[in-house]
Amino acid sequence: MQIALTKKLADATGESTKALPPEDNPLFSWTANWAKAWDNRRTEDMIVLVNHATRFTVAIYQVKRKDLKNMAEIMKKAIEDTLLSLNFNPMMVEEYLKLAGEVEFTQNRNRKAAAWVSKAGVECAFHVRREFDGTEKVFVNTVGARANERIVSTSDSSLQEEFV
């Protein structure tokens, strides 16, 4: 599984990213960003991932800088939990994670993917602000499930062909 980190997330983690050739299968490729859920806060507190093939969104709320050490495990578990929360077949989810393989962090090289992950971050922040008041300490890795209930559309068919 390839996860392309935005510059902000790569700098925050200190993770060394590789410039790999284009992904073989976009179904196992994701772009991740570190975003703010609250406008009145100084630091980012949410990781948002978007799948390259399906634009499926996974979001993890209240991720602090100290939690970024275990980022690969946190992201993989969040993908699994989000799929299961949307009633995907558990055997299919297990098979997907097995086929995806180990997490490899890469440099973000796709501007359109970065735009989609930014847009997904805004949508997920809306759901976070609606469900939480921002004062309690919570860790939720299925915030993105609500963002996946909407149909993804694009007005430009060439955009969709380039992205996939």
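As the structure is a computational prediction, the values presented were derived from the model and not from experiment.
Counting only distance, with no hydrogens or angles, the side chain of Asn70 and the backbone of Glu73 share no donor-acceptor pair below 3.5 Å.
Atom CZ of residue Phe56 and atom CZ of residue Phe88 lie 5.5 Å apart, to the nearest 0.5 angstrom. Here CD of Glu123 is found 11.5 Å from OG of Ser118. Values are rounded to the nearest 0.5 Å. To the nearest 0.5 Å, atom NZ of residue Lys77 and atom CD1 of residue Ile60 are 11.5 Å apart. Of the inter-residue distances, the one linking Leu86 atom CG with Leu84 atom CG reads 9.0 Å to the nearest 0.5 angstrom. Note: Trp34 CH2 to Lys8 NZ = 9.0 Å, rounded to the nearest 0.5 Å. To the nearest 0.5 Å, the span separating CD1 on Ile79 from OG1 on Thr57 amounts to 11.5 Å.
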- Query: Would Trp30 and Val50 satisfy side-chain contact (heavy atoms from CB on, under 4.5 Å), going step by step from the backbone distance to the final call?
  - Reply: CA-CA 5 Å; Trp30 299 76; Val50 173; 5.6 Å; no
side-chain contact (heavy atoms from CB on, under 4.5 Å) assessment of Ile3 paired with Leu5 = CA-CA 6 Å; Ile3 299 178; Leu5 303 179; 4.1 Å; yes
Would you please test Val58 and Val48 for side-chain contact (heavy atoms from CB on, under 4.5 Å) and show each step? CA-CA 6 Å; Val58 174; Val48 182; over 6 Å; no
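Partner of Ile47 under the side-chain contact (heavy atoms from CB on, under 4.5 Å) criterion, out of Asp67, Ile74, Leu68, Asn33: Leu68 alone.
Residues Phe28 and Tyr96 place their aromatic rings such that the two centres sit under 6.0 Å apart.
Heavy atoms of other residues, nucleotides or ligands lying less than 6.0 angstrom from NZ of Lys76 number more than 12.
A single hydrophobic cluster is seen to contain both Leu99 and Val93, as judged by linkage of ILVMFWY side chains at heavy-atom distances under 4.5 Å, directly or through other members.
Salt-bridge formation is not detected for the pair Glu94/Lys98: no Lys NZ or Arg NE/NH1/NH2 atom is positioned less than 4.0 Å from an Asp or Glu carboxylate oxygen.
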